[in-house]
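Below, read A as the first sequence line, B as the second, and so on, with proteins coming before strands; counting in each chain starts at 1. No experiment lies behind these values; they were computed from the predicted model shown.
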Amino acid sequence: ETGVTQTPRHLVMGMTNKKSLKCEQHLGHNAMYWYKQSAKKPLELMFVYNFKEQTENNSVPSRFSPECPNSSHLFLHLHTLQPEDSALYLCASSQDGASGGAGNEQFFGPGTRLTVL
Amino acid sequence: AQSVTQPDIHITVSEGASLELRCNYSYGATPYLFWYVQSPGQGLQLLLKYFSGDTLVQGIKGFEAEFKRSQSSFNLRKPSVHWSDAAEYFCAVGAGDMRFGAGTRLTVKP
């Protein structure tokens with residue numbers, strides 16, 4: 001596998017379910033990101049991990065819980081979601097997450113299409 | 001704070017016609033600028049990027065973009081559009097803390 005992979009590609013869950021999204025990058029990068037993409041809205045940055053440490057949490061509700069066990073894997077744990085959380089969740093990685101420098105081009109996975117019933 | 005504006009939500013062009021997608025940014029220092037493309041059901045793919053140097057940058061798939069500091073713009077261009085270029089295009093500014101525009105959806109007419 002190359003690049004950034006995400007599983008599952010599609011997920012339907014009820015509001016009381018608990019599920020997890022998985023992201024894996026095979027690029028040797030040190031920074032990983034979760035974005036939410038809703039219809040007719042700009043991409044929303046949710047979380048940033050740099051060298052396995054969370055460096056940004058953009059006021060995301062606690063029903064979303066990220067986990068980064070190593071630089072290659074990133075999870076997004078979901079519980080008691082709301083219908084408005086239905087969206088495409090994109091994972092990305094970059095060489096590092098520090099400001100400045102040519103190493104911050106982000107590479108994206110295909111996304112997980114989440115539907116909350 | 002950095003921000004990006006893509007004034008056109010939806011653009012339709014005929015196949016073979018030229019294309020220009022607009023992007024205006026706000027950034028406190030020398031900007032790092034990117035254009036990404038997203039096909040339906042897919043993630044974002046980088047088309048081109050500007051960090052420094054020549055203000056006209058070449059990308060993949062025949063796209064180019066020109067950085068104009070005086071206008072705070074980074075417009076994307078292609079001289080002749082192909083049907084396969086139909087997609088959503090996103091301009092972004094920043095580095096690790098990247099800000100994306102709302103996107104421009106491109107429709108290509110036969």
Side-chain angles (χ1 to χ4, degrees), chain A residues 2-10 21 23-25 27 29-51 53-58 88-114, chain B residues 1-10 21-54 57-60 65 67 74 87-105:
Chain A
T2 58
V4 181
T5 58
Q6 291 186 243
T7 54
R9 293 293 309 275
H10 300 272
L21 309 184
C23 175
E24 184 172 1
Q25 58 96 0
L27 301 168
H29 289 166
N30 296 305
M32 296 186 77
Y33 310 79
W34 278 118
Y35 287 89
K36 177 182 179 183
Q37 186 178 31
S38 305
K40 298 181 172 36
K41 293 176 69 175
L43 254 65
E44 300 172 54
L45 179 64
M46 300 175 72
F47 302 104
V48 180
Y49 278 82
N50 198 25
F51 292 91
E53 298 296 321
Q54 185 174 313
T55 57
E56 188 156 345
N57 174 345
N58 280 349
L88 182 68
Y89 288 85
L90 291 165
C91 174
S93 71
S94 66
Q95 184 61 46
D96 65 68
S99 295
N104 295 305
E105 168 189 337
Q106 293 185 17
F107 293 78
F108 284 80
T112 294
R113 172 67 63 186
L114 174 67
Chain B
Q2 59 202 43
S3 65
V4 179
T5 302
Q6 292 181 247
D8 305 305
I9 296 174
H10 184 204
L21 302 182
R22 296 184 290 165
C23 173
N24 294 98
Y25 68 88
S26 172
Y27 194 66
T30 301
Y32 300 101
L33 295 160
F34 308 82
W35 273 102
Y36 284 85
V37 61
Q38 184 180 32
S39 298
Q42 300 297 316
L44 278 66
Q45 180 185 20
L46 182 70
L47 283 176
L48 47 80
K49 60 190 177 187
Y50 171 78
F51 288 156
S52 65
D54 193 347
V57 294
Q58 302 297 321
I60 62 171
F67 169 59
F74 189 58
E88 187 102 20
Y89 291 80
F90 295 92
C91 182
V93 64
D97 185 15
M98 196 175 287
R99 292 286 182 259
F100 287 83
T104 297
R105 184 161 63 91

Proximity breakdown for Gln6(A) and chain B, heavy-atom pairs closer than 4.5 Å:
neither
Centroid-centroid distance, Phe108(A) to Tyr36(B), less than 6.0 Å:
yes
Which region of Gln38(B), side chain (C-beta onward) or backbone (N, CA, C, O), has a non-hydrogen atom less than 4.5 Å from a non-hydrogen atom of chain A, or is it both or neither?
side chain
For Leu46(B), which atoms come within 4.5 Å of any heavy atom of chain A: side chain, backbone, both, or neither?
side chain
Do the two ring centres, one from Tyr32(B) and one from Tyr25(B), sit under 6.0 Å apart?
no
In terms of heavy-atom contacts, Ala31(A) and Tyr33(A) come closest through CB-OH, 3.8 Å
Just wondering, more than 12 heavy atoms not from Ile60(B) lying within 6.0 Å of its CD1?
yes
